[in-house]
Amino acid sequence: MDAASFVIHFHVILILLICCNLTMAANDSSSGGPTNFSTAILIRVDQSGHGDFKKIQDAIDAVPSNNTELYFIWVKPGTYREKVVVPADKPFITLSGTEASNTIITSNEGGDITDSPTLTVLASDFVARYLTIQNLFGTSGKAVALKVKGDRAAFYGCRIQSYQDTLLDDAGRHYYSNCYIEGAVDFIFGNAASLYERCHIHSVEAGAITAQGRESPLENTGFTFLGCKITGTGGNTALGRPWGSYSRVVFAYTLMSNIIQPEGWNDWGDSTKQSTAYYGEYKCYGPGANRSKRVGWSRSLSNEDAAQFVTKNMIGGRSWLRPAPTRFKGSSSTNIVTPTGEN
């Protein structure tokens with residue numbers, strides 16, 4: 001191939017690549033999603049019958065599949081005894097109470113981490129605010145209160161309560177802010193990439209707080225607890241144990257009470273995981289933060305080590321975390337169908 005032919009050939013390839021990229025960008029831009037994040041369609045859930053629905057699940061079912069607008073489901077105070085699922089084809093839903101103390105979603109099913117959750121979130125771009133999500137099954141087995149599998153999910157001021165396997169932080173990028181999370185055995189577990197900021201972690205009995213499930217060093221997953229508080233009524237609680245071989249958990253700027261065992265971390269009876277798990281602590285304080293007797297395979301992080309974990313960049317949060325909407329459309333202006341007798 002002579003020089004002139006090479007130049008022509010090169011420019012043809014370049015044009016094809018540009019056209020391909022433009023087509024991909026067009027496809028991405030036409031994939032749907034809200035263009036106005038300040039306005040949402042309002043749906044009211046009220047057990048007294050003064051809202052659009054009496055049940056939370058009915059309100060979620062009313063959101064159209066593959067919706068391209070924000071939906072704000074306002075749950076009036078009450079105890080809602082139901083299991084709730086947010087399907088994968090219903091993104092951009094906010095489920096909000098006014099105060100977590102008086103807006104409660106509860107069930108009492110146990111035995112399986114897939115079927116037992118009180119609230120299951122499969123959709124992307126989900127937000128929960130000021131709700132209590134609990135599973136009252138008790139201490140005799142696994143009982144998940146909240147399962148989160150959708151990408152880009154955020155929880156603000158929520159209370160999440162069970163005993164064993166309270167929060168299945170399953171997959172995706174998640175953010176928890178000012179939440180209260182209670183349990184005893186592996187009660188924050190899964191393989192999501194999650195930031196817990198200013199959360200209150202409460203252990204009701206000796207056990208392990210986390211069981212993070214990262215299986216490969218190539219997975220960009222792990223749990224970071226930033227500026228949190230750990231309390232409890234039991235003792236001898238571990239910060240975590242490796243559900244996955246490359247389990248990754250970091251506690252930074254966290255107050256640790258004396259319920260934390262001196263060793264800090266547990267290898268779950270498999271010493272091979274000591275060389276693959278990534279368990280770090282950075283500038284934590286309180287009687288449980290004393291590292292003098294920590295297991296040798298945990299890490300005291302340097303400023304450089306900790307830098308990647310102590311901002312929202314670890315979940316890409318600055319690109320998808322959104323403020324609450326400030327304007328609302330009434331449900332009467334939508335195609336929402338209210339079941340007979342529930343207006």
Side-chain angles (χ1 to χ4, degrees), residues 45 47 54-60 73 75 77-87 93 95-97 99-123 126-150 153-172 174 176 178-192 194 196 199-213 223 230-234 237 240-241 243:
V45 179
Q47 290 178 322
K54 290 182 178 180
K55 294 183 178 180
I56 296 168
Q57 188 65 59
D58 288 342
I60 291 169
I73 300 175
V75 184
T79 299
Y80 295 82
R81 304 183 188 280
E82 55 179 307
K83 293 178 66 176
V84 176
V85 177
V86 183
I93 289 176
L95 193 62
S96 180
E99 294 182 18
S101 61
N102 62 22
T103 312
I104 301 166
I105 311 172
T106 185
S107 69
N108 60 355
E109 182 175 325
D112 184 271
I113 63 173
T114 300
D115 297 331
S116 65
T118 302
L119 173 60
T120 298
V121 179
L122 304 177
F126 173 84
V127 175
R129 294 178 179 273
Y130 315 124
L131 298 168
T132 291
I133 305 156
Q134 62 182 204
N135 190 324
L136 299 178
F137 180 72
T139 62
S140 58
K142 301 172 182 178
V144 178
L146 172 63
K147 174 183 175 179
V148 190
K149 194 169 185 176
F155 297 79
Y156 299 91
C158 290
R159 296 177 62 86
I160 307 163
Q161 299 172 286
S162 187
Y163 180 83
Q164 181 174 346
D165 298 340
T166 300
L167 170 54
L168 174 48
D169 205 6
D170 198 14
H174 307 151
Y176 301 83
N178 290 291
C179 291
Y180 173 87
I181 306 168
E182 177 182 294
V185 181
D186 305 329
F187 62 97
I188 303 174
F189 72 114
N191 193 23
S194 295
Y196 297 80
C199 290
H200 182 176
I201 313 300
H202 187 75
S203 176
V204 296
E205 195 172 311
I209 293 172
T210 66
Q212 205 279 330
F223 301 157
I230 300 172
T231 62
T233 53
T237 296
R241 55 181 185 168
W243 193 27

Grab the two heavy atoms, one from [X] and one from [Y], that are nearest each other, plus how far apart they are.
{"X": "His174", "Y": "Gly150", "value": "NE2-O, 2.8 Å"}
{"X": "Ser194", "Y": "Asp169", "value": "OG-OD2, 2.6 Å"}
{"X": "Thr237", "Y": "Ala206", "value": "OG1-CA, 4.0 Å"}
{"X": "Ala100", "Y": "Gly157", "value": "CB-O, 3.5 Å"}

Taking the side chain from [X] and the backbone from [Y], do they hold a donor-acceptor pair closer than 3.5 Å?
{"X": "Thr118", "Y": "Gln134", "answer": "yes"}
{"X": "Asp112", "Y": "Asp115", "answer": "yes"}
{"X": "Ser162", "Y": "Ala143", "answer": "yes"}
{"X": "Glu82", "Y": "Gln57", "answer": "yes"}
{"X": "Lys142", "Y": "Ser116", "answer": "no"}
{"X": "Gln161", "Y": "Ala145", "answer": "no"}
{"X": "Thr120", "Y": "Val85", "answer": "no"}
{"X": "Thr231", "Y": "His202", "answer": "no"}
{"X": "Thr233", "Y": "Val204", "answer": "yes"}

[atom1]/[X] to [atom2]/[Y] distance, rounded to the nearest 0.5 angstrom?
{"X": "Leu119", "Y": "Leu167", "atom1": "CG", "atom2": "CG", "result": "10.5 Å"}
{"X": "Phe155", "Y": "Phe126", "atom1": "CZ", "atom2": "CZ", "result": "5.5 Å"}
{"X": "Tyr80", "Y": "Lys55", "atom1": "OH", "atom2": "NZ", "result": "12.0 Å"}
{"X": "Ile73", "Y": "Ile60", "atom1": "CD1", "atom2": "CD1", "result": "5.0 Å"}
{"X": "Gln212", "Y": "Trp243", "atom1": "CD", "atom2": "CH2", "result": "9.5 Å"}
{"X": "Tyr130", "Y": "Ser101", "atom1": "OH", "atom2": "OG", "result": "12.5 Å"}

For residues Thr166 and Glu182, determine if any side-chain heavy atom of one lies less than 4.5 Å from a side-chain heavy atom of the other.
-> no
Verdict with supporting geometry, Glu205 and Tyr163, side-chain contact (heavy atoms from CB on, under 4.5 Å): CA-CA 9 Å; Glu205 195 172 311; Tyr163 180 83; 3.0 Å; yes
I would like to know whether Leu168 and Phe189 meet side-chain contact (heavy atoms from CB on, under 4.5 Å); could you show each step before the answer? CA-CA 5 Å; Leu168 174 48; Phe189 72 114; 3.4 Å; yes
Side chain to side chain contact (heavy atoms under 4.5 Å, CB included) test vs Asp165 passes for just one of Val144, Val185, Asn135, namely Val144
Paired with Leu95, the side chain to side chain contact (heavy atoms under 4.5 Å, CB included) test is passed by just one of Leu131, Thr103, Val86, namely Leu131
- Parallel, tilted or perpendicular: ring planes of His200 versus Tyr180, cut at 30 and 60 degrees: perpendicular
Is the ring pair Tyr196/Tyr176 parallel, tilted or perpendicular, if the boundaries are 30 and 60 degrees?
parallel
